[in-house]
2 protein chains.
Amino acid sequence: MKPFKTTSLDIAARAGVSQSTVSRALRNSPQVSAETRRQIQRIAREMGYTVDRNASRLRAKTTSTLALLLCEDEIESHINPFFLSILSSVAHAAAGHGYDLLVTFQQLSENWVMDFQDAHRADGLILLGIRDRESYDAQLVGLEASGTPFVIWGLEHHVPGVSSYLTCQNQESARELTSHLIRLKHRHFAFVGVTSTANPEFTHRYEGYLEALASHGIETDPGLHISANSSETEGYDAVEALLANGRKVDAIVCASDLIAIGAMAALHDRGLDVPGDMAVVGYDDLPIAQHTRPALTTVRQDTELAGRKLAEHLIHLIDGQDVQPEELPVTLMIRQSCGARD
Amino acid sequence: MKPFKTTSLDIAARAGVSQSTVSRALRNSPQVSAETRRQIQRIAREMGYTVDRNASRLRAKTTSTLALLLCEDEIESHINPFFLSILSSVAHAAAGHGYDLLVTFQQLSENWVMDFQDAHRADGLILLGIRDRESYDAQLVGLEASGTPFVIWGLEHHVPGVSSYLTCQNQESARELTSHLIRLKHRHFAFVGVTSTANPEFTHRYEGYLEALASHGIETDPGLHISANSSETEGYDAVEALLANGRKVDAIVCASDLIAIGAMAALHDRGLDVPGDMAVVGYDDLPIAQHTRPALTTVRQDTELAGRKLAEHLIHLIDGQDVQPEELPVTLMIRQSCGARD
DNA sequence: CTGAAAGCGCTTACAG
DNA sequence: CTGAAAGCGCTTACAG
């Protein structure tokens with residue numbers, strides 16, 4: 001069924017050179033004369049030959065593969081579109097650098113380090129998604145011990161030469177966003193989003209929010225911080241709880257767009273108008289954010305850049321170069337849900 | 001840096017058997033006595049040994065890898081969450097069967113067959129996403145010629161022993177959904193969604209829609225079929241065009257949820273109430289569909305099942321078994337946007 | 001049931 | 001600049 005498998009020996013025979021020369025020519029080795037190289041590459045193209053990756057990897061003791069681990073909650077099985085958008089960008093970037101991308105969607109509870117330690121499936125790891133810090137930290141230690149390079153999104157974890165991280169300006173942007181709401185005359189604030197070691201990003205956003213309130217002399221009430229994971233349902237429930245406790249609120253800062261969308265649904269169901277009765281803002285700028293009504297004011301994270309940087313940092317680490325963690329810039333997207341003028 | 005690489009020879013030495021016996025024991029070969037096998041597997045576990053996949057694959061001439069190609073539009077770079085949900089399910093299923101999953105996000109224009117033909121990167125291919133039929137069909141022919149097994153979502157293409165396809169009950173469900181709207185006393189219908197050979201799924205939904213109208217004696221006006229690809233923006237623009245042409249309409253059937261979300265935004269911006277002035281229904285039941293206000297009436301495709309079936313069908317094909325294409329069942333999700341009673 | 005041996009298709013010192 | 005040769009770590013006939 002399968003056609004005859006062309007090998008480097010076939011190319012060598014056709015080109016009248018040795019198999020080693022073919023191997024060199026195809027890897028663009030400067031050892032091979034330009035003319036020989038051109039001819040060999042032409043013949044390879046004509047015969048539809050591509051290097052057998054398994055053989056190449058076995059011999060070179062490399063995998064030319066990046067692995068991406070997307071940790072997901074087992075309860076809320078619906079994955080945050082934000083991570084999927086990064087995933088897509090990582091895939092592009094990896095391909096652009098000649099790496100394959102192995103994707104694994106991991107349950108929180110599973111012990112994923114084992115898989116990648118000695119299995120020689122990938123040269124390095126990109127870690128995305130939510131996590132249970134208890135087991136997570138232990139697994140990171142295991143990863144480091146194995147010498148596997150890895151890059152994490154959204155969690156400050158840096159071991160020079162082994163691992164790095166990328167995150168975005170969570171705190172600054174949350175401060176700016178909140179300040180914008182204050183400028184729009186909102187005075188009674190609530191924050192919806194879990195803050196814990198398991199979610200440093202939300203925690204930084206909360207800190208930025210608190211800074212903005214403090215710098216404008218607005219008092220903060222711990223009862224107006226409602227915990228919620230990143231989903232519409234938890235956002236909905238959080239706002240129901242918030243409204244039930246009866247405190248005066250005129251602006252809700254949500255730790256993510258998914259939460260904000262749930263929040264807007266809850267307000268709608270209570271007959272409250274956004275932004276007339278209540279301003280709502282989110283975070284991430286998911287594609288849907290511009291299509292909700294009112295359109296959602298939020299903070300744009302550049303997922304294309306994030307994915308590209310994740311891949312590049314990992315490849316540098318694999319190549320033995322050190323990389324510095326980076327905080328990527330974000331953009332405020334002022335739309336209607338915050339009560340903007342137009 | 002990297003720890004000493006344990007090989008099957010190390011296990012053999014420790015267990016006092018030959019390397020071949022270790023290899024057999026780890027592959028659960030019935031040739032090895034139960035006791036020897038248990039002991040070898042225990043030692044392997046103790047030493048943290050895992051089979052080197054590159055060597056194993058090279059020797060066995062297999063890859064234990066499934067590839068998933070997600071074709072995306074270059075203009076609308078934001079990927080349909082529906083496909084990403086299937087992707088996640090495929091990843092789970094592949095892992096469950098001991099396969100790795102290689103993910104590639106492909107631009108429409110690229111010639112992707114080449115990559116997988118001789119590169120020995122994957123044993124088979126899953127094809128998802130939109131496509132340009134002109135080049136697509138030619139590439140499928142190339143794939144078949146190479147003998148690579150593949151499974152397609154949403155496009156009837158079946159070559160016994162080589163390829164298969166999976167789709168859902170597009171036509172029946174669109175007929176039912178439209179009939180439901182008719183039962184709710186809607187009489188003036190529009191359909192938004194591109195129908196062309198490039199998008200057989202939308203085309204089947206359109207056919208189901210037409211059947212429902214015909215069976216209730218409702219006349220169809222070609223001017224009330226507006227083309228749109230699956231995005232909020234195109235849905236928005238389509239509805240603007242629809243309203244501009246001034247015909248009486250009281251229900252819009254959208255070929256996807258993304259289109260429906262754009263449609264609802266456009267109606268909102270024109271001051272029209274959904275479902276009071278206009279019913280809107282979608283297709284896919286994206287997670288967001290239950291959180292729009294009004295919540296979106298739509299058709300649920302079981303992405304978990306779809307992903308699992310895609311992986312299983314492909315694995316069967318790889319194993320040389322024939323598989324029959326399947327049409328997966330769907331569920332009507334009646335919510336508020338159609339003007340339901342409660 | 002077990003072992004010795006060949007070989008998958010490459011890459012890379014080593015020698016010239 | 002090129003070639004002959006070794007060997008990456010397995011799997012799998014072949015022989016016993």
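The figures that follow rest on heavy atoms only: side chains count, while hydrogens, waters and symmetry mates do not. Chain letters run A, B, ... following the sequence lines, proteins first, then strands; residues in each count from 1.
When each of A:Ala55 and B:Thr21 is assigned the nucleotide of DNA chain C with its nearest heavy atom, B:Thr21 is the one assigned upstream, toward the 5' end. Sequence order on DNA chain D of the closest nucleotides to B:Gln31 and B:Leu9 puts B:Leu9 first from the 5' end.
If you check C:dT2, C:dC10, D:dT11 against the side chain of B:Val51, the one that comes closest is D:dT11. Which of C:dT11, D:dT2, D:dT11 sits closest to the side chain of B:Ala60 comes down to D:dT11. Minimum atom distance to the side chain of B:Ser56 is reached by D:dT11, of the listed D:dG9, C:dT2, D:dT11. Considering only side-chain atoms of A:Arg59, the nucleotide from D:dG3, D:dG9, C:dT11 that sits closest is C:dT11. Ranking D:dT2, C:dG3, C:dC10 by closeness to the B:Val17 side chain, first place goes to C:dG3. Closest to the side chain of A:Gln19, out of D:dG3, D:dT11, C:dT11, is C:dT11. Closest to the side chain of B:Tyr49, out of C:dT2, D:dC10, C:dG9, is D:dC10. Set against D:dT2, C:dG3, C:dC10, the side chain of B:Ser18 has C:dG3 as its closest nucleotide.
Counting heavy atoms from C-beta on, the side chains of B:Ser8 and B:Val22 come closer than 4.5 Å. Counting heavy atoms from C-beta outward, B:Leu314 and B:Pro149 have side chains that approach closer than 4.5 Å. Between B:Arg38 and B:Arg42, the closest side-chain pair of non-hydrogen atoms is not below 4.5 Å.
Rounded to whole Å, the distance from CZ on A:Arg53 to P on C:dC8 is 21 Å. In this entry the distance linking NZ of A:Lys61 with C1' of C:dC10 reads 14 Å, nearest Å. When the P atom of C:dT2 is taken as reference, atom CZ of B:Arg27 falls 17 Å away, rounded to whole Å. Between the CG atom of A:Leu58 and the C1' atom of C:dT11 there is a distance of 10 Å, rounded to whole Å. Nucleotide D:dC10 holds its P atom 17 Å from the CG atom of A:Asp52, rounded to whole Å. Computed from coordinates, the B:Asn54 CG to D:dC8 C1' distance equals 10 Å when rounded to whole Å. Regarding A:Asp10, its CG atom lies at a distance of 14 Å from the C1' atom of C:dC8, rounded to whole Å.
Within the nucleic acid shown, B:Ser23 comes within 4.0 Å of at least one base atom, counting heavy atoms only. Using a 4.0 Å heavy-atom distance criterion, A:Arg24 is classed as a base contact. Within 4.0 Å of B:Ser20, counting heavy atoms only, lies at least one base atom of the nucleic acid.
Side-chain contact check for B:Thr62 and B:Asp123: at least one donor-acceptor pair (N or O, by modelled atom type) lies under 3.5 Å.
Between the OG atom of B:Ser164 and the NE2 atom of B:His313 there is a distance of 6.0 Å, given to the nearest 0.5 Å.
Comparing C:dA5 with C:dC1, their P atoms are spaced 24 Å from each other, to the whole Å.
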* Please lay out, stage by stage, how A:Thr63 and B:Asn54 fare under the test side-chain hydrogen bond (donor to acceptor under 3.5 Å, both in side chains). => CA-CA 8 Å; A:Thr63 68; B:Asn54 291 131; over 6 Å; no
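Residues A:Ala25 and A:Ile40 come closest through the heavy atom pair CB-CD1, 3.6 Å.
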* Asked: For DNA chain C, what is the dot-bracket line, given that a base pair needs Watson-Crick (N1 to N3, plus N6-O4 or O6-N4) or G-U wobble (N1-O2 and O6-N3) geometry with both distances under 3.5 Å, and | means paired with another strand?
  -> |||.||||||||.|||
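A perpendicular orientation is assigned to the rings of B:Tyr165 and B:His158, their planes being inclined by more than 60° (bins at 30° and 60°).
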